[in-house]
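Side chains are part of it too, since the values below use all heavy atoms of this structure and drop only hydrogens, waters and symmetry mates. Here the structure is a predicted model, which means the values were calculated and not measured.
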Amino acid sequence: MDSDGLVARRLIEAAARSGASLIAETAAAVSGWAVLVDPTAGAVYSSPERAAAAGTSAAAGAGNTAARAGEADGDGDTTVRQVVGAALVVHAGPDVSARRVELVTRTTAGLLEVRARRAEELTSAEMRLHAVLTRLLLRGETRLVAEVVGGLTSHATVYRLSGGADPQAAYRAMWRALLPTGTRPGPALAPVRSIFAGPRKSIGQGLGAATLISLLDGELVVVALHDAARDDGRVLRLVARSAERHGLLGGVADPVPLDLLAAAFTEAGQARAGAAVGRRLVPAAGLGDRALLRIIPPDRLAAWASSLLGPLTRPQRQALEGWLRTGSVGATAQMLGVSRGTTRARLRTAGERLGGLDTPLALARLSLALRAPAAGPTESAGPADAGPPAALPTELVDAASARRWATELTEPLDTPQRIALRVWFDHLGSIAPAAEELGLHRTTLRRWLEEIGRLLDADLSSATVRADLYLALETLAGPDDSPGALPRRGGRTYQRPEYL
């Protein structure tokens, strides 16, 4: 057996390399396994990787007390020690003495404390840098941010959270929990790391995806950077757990190109208004697993979108996406940093190249195309069935799957509600002409739409929600789904039941 001095020296040398090396050396020193567990993020480091679940379970069972228990692999003991807001879990082999386990655990915990103190010296500066970079992205300064961090991904997902008894404590806890997710190697660079990580060689050291965390005007803002496809959900899970743990309420926007980050920031704030205890993190779209994107293979969607949007230049596409998301030329112009006249000119040219922007079907399809990942090789969904053109192109999804999705999405609505919603969409969301066609008072139609939103648990002001719902209604529409099919009395549509 190695001497205590040799074991300690190996642990110190490992700590100088990285936190992962330290945990690996700890496991080797006790002929077992070791895991560092964050209460929110779970296993930060694990040696071997398969021990992560056992370590997380042992940390949860130990709570805030140091414990020894004969559990997990073999006949050895498991020691749990609290260190810098996390739990160090060490499981020794059966032939390792209790004295050696205590020495190794105590030394590793001390080295983790030292590493944390070294990291904290840089944390305040990095927190300020994250805030500055976030504000620059919200102002559309993507090129400047890319120069600072050495490269950026193409898309981002924005989270906004507030509330809780101690926002500053929640901020620091989320900082510890989220930054380890950015330690995967990859091409993009960003200024993120764990407090358990050692000093970096540069501001951003090869991160495949990055997370910016800021405390802006009293609210927590998390910007998860990723490629054109949706992020892998890691940040979403950690933010949700942090919100639950610290009593925060938040909203999350749909992924957007970095140029439209300001719009996503607004959407996340609007979504947060619907958060409550029991539902602390609310998506802006409100459709979740019911969204159309869930049933369309990404490669098919990418190829179709590339063909549809091919005639557009990048500025025209940016203007179109901003206008569809905000519904306002002025807001789009401000977001893109151009004049209203320039924005209108880009939209006018885009409309000419796409065959018009004046029908709800065209707008719904454009909204779907603009959410597509980058194009690549694809396979068609199969030949189209004979008959009239489908609202959902058959090269994206077959007719049976489209009807099944549409039926499930609109199931909470009765026939009059579906007719009213469809007519409202036909008038591009304008209340007065839709109410006139339906034979309803405008106040009545507004009340119907509010009830529809509650039944669907969706925000009808969201462009994404409107696009998906319109395509679903058109997929199911039959000859009886028209205002003339509504029951009438004296030339007016029947008053809906009082419960609406």
Side-chain angles (χ1 to χ4, degrees), residues 1-120 173 176-177 179-181 183-185 193-199 234 238 241 245:
M1 181 179 290
D2 294 333
S3 67
D4 291 349
L6 181 58
V7 170
R9 188 176 72 187
R10 288 175 176 169
L11 289 171
I12 292 172
E13 291 173 349
R17 293 192 295 272
S18 68
S21 296
L22 175 57
I23 296 301
E25 186 61 39
T26 300
V30 297
S31 302
W33 53 260
V35 182
L36 183 65
V37 181
D38 182 270
T40 300
V44 179
Y45 303 122
S46 176
S47 181
E49 289 187 6
R50 65 177 182 274
T56 302
S57 177
N64 295 320
T65 62
R68 298 183 66 85
E71 58 176 296
D73 300 330
D75 300 321
D77 286 343
T78 299
T79 300
V80 181
R81 185 183 295 266
Q82 299 301 310
V83 51
V84 288
L88 172 64
V89 184
V90 178
H91 180 78
D95 299 328
V96 179
S97 67
R99 188 187 65 80
R100 171 57 59 86
V101 175
E102 174 62 23
L103 170 69
V104 171
T105 304
R106 186 174 66 251
T107 303
T108 300
L111 291 169
L112 286 171
E113 293 277 4
V114 171
R115 289 179 59 82
R117 284 198 295 271
R118 291 174 61 192
E120 287 290 348
R176 287 198 308 269
L179 294 193
T181 68
T183 59
R184 301 183 303 279
R193 61 175 170 79
S194 163
I195 65 167
F196 301 108
R234 184 189 299 255
L238 289 177
R241 287 203 293 268
R245 185 178 184 87

Exercise. Quick one: are Leu88 and Ile23 in side-chain contact, heavy atoms under 4.5 Å?
Worked result: yes
For this session: Could you pull out the closest heavy-atom pair between Ala54 and Trp33, with the gap in Å?
Result: CB-CZ2, 3.9 Å
Exercise. Just wondering, are more than 12 heavy atoms of other shown residues or ligands nearer than 6.0 Å to CZ in Arg106?
Worked result: yes
Exercise. So, does Ser57 use its side chain to make a donor-acceptor pair with the main chain of Ala53 at under 3.5 Å?
Worked result: no
For this session: Given side chain to side chain contact (heavy atoms under 4.5 Å, CB included), test Asp4 with Arg99 step by step and report yes or no.
Result: CA-CA 10 Å; Asp4 291 349; Arg99 188 187 65 80; 2.6 Å; yes
For this session: Taking only Lys NZ, Arg NE, NH1 and NH2, and the carboxylate oxygens of Asp or Glu, determine whether Glu102 and Arg81 approach each other closer than 4.0 Å.
Result: yes
For this session: Report, as yes or no, whether the 6.0 Å neighbourhood of atom CD on Glu49 holds more than 12 heavy atoms from other residues, nucleotides or ligands.
Result: no
For this session: Indicate yes or no for a side-chain donor-acceptor contact from Thr108 to the backbone of Val104 under 3.5 Å, with no hydrogens or angles considered.
Result: yes
Exercise. Taking it one step at a time, do Leu112 and Leu22 satisfy side chain to side chain contact (heavy atoms under 4.5 Å, CB included)?
Worked result: CA-CA 9 Å; Leu112 286 171; Leu22 175 57; 3.8 Å; yes
Problem set entry | Straight-line distance of Leu11 CG to Thr105 OG1, nearest 0.5 Å | 9.5 Å
For this session: Grab the two heavy atoms, one from Ser46 and one from Ala51, that are nearest each other, plus how far apart they are.
Result: OG-C, 3.7 Å
Problem set entry | Closest non-hydrogen atom pair between Ala59 and Val80, with its separation | CA-CG1, 4.3 Å
Problem set entry | Ala87 versus Gln82, closest heavy-atom pair with distance | CB-NE2, 3.8 Å
Problem set entry | Side chain to side chain, Ile12 and Leu111, heavy atoms closer than 4.5 Å | yes
Exercise. Between Val30 and Val96, which heavy-atom pair has the shortest distance, and what is it?
Worked result: O-CG2, 3.2 Å
Problem set entry | Rounded distance (nearest 0.5 Å) linking atom CD of Glu25 with atom OG of Ser47 | 9.5 Å
Exercise. Can you name the closest pair of heavy atoms from Val89 and Ala58 and give their distance?
Worked result: CG1-CB, 3.8 Å
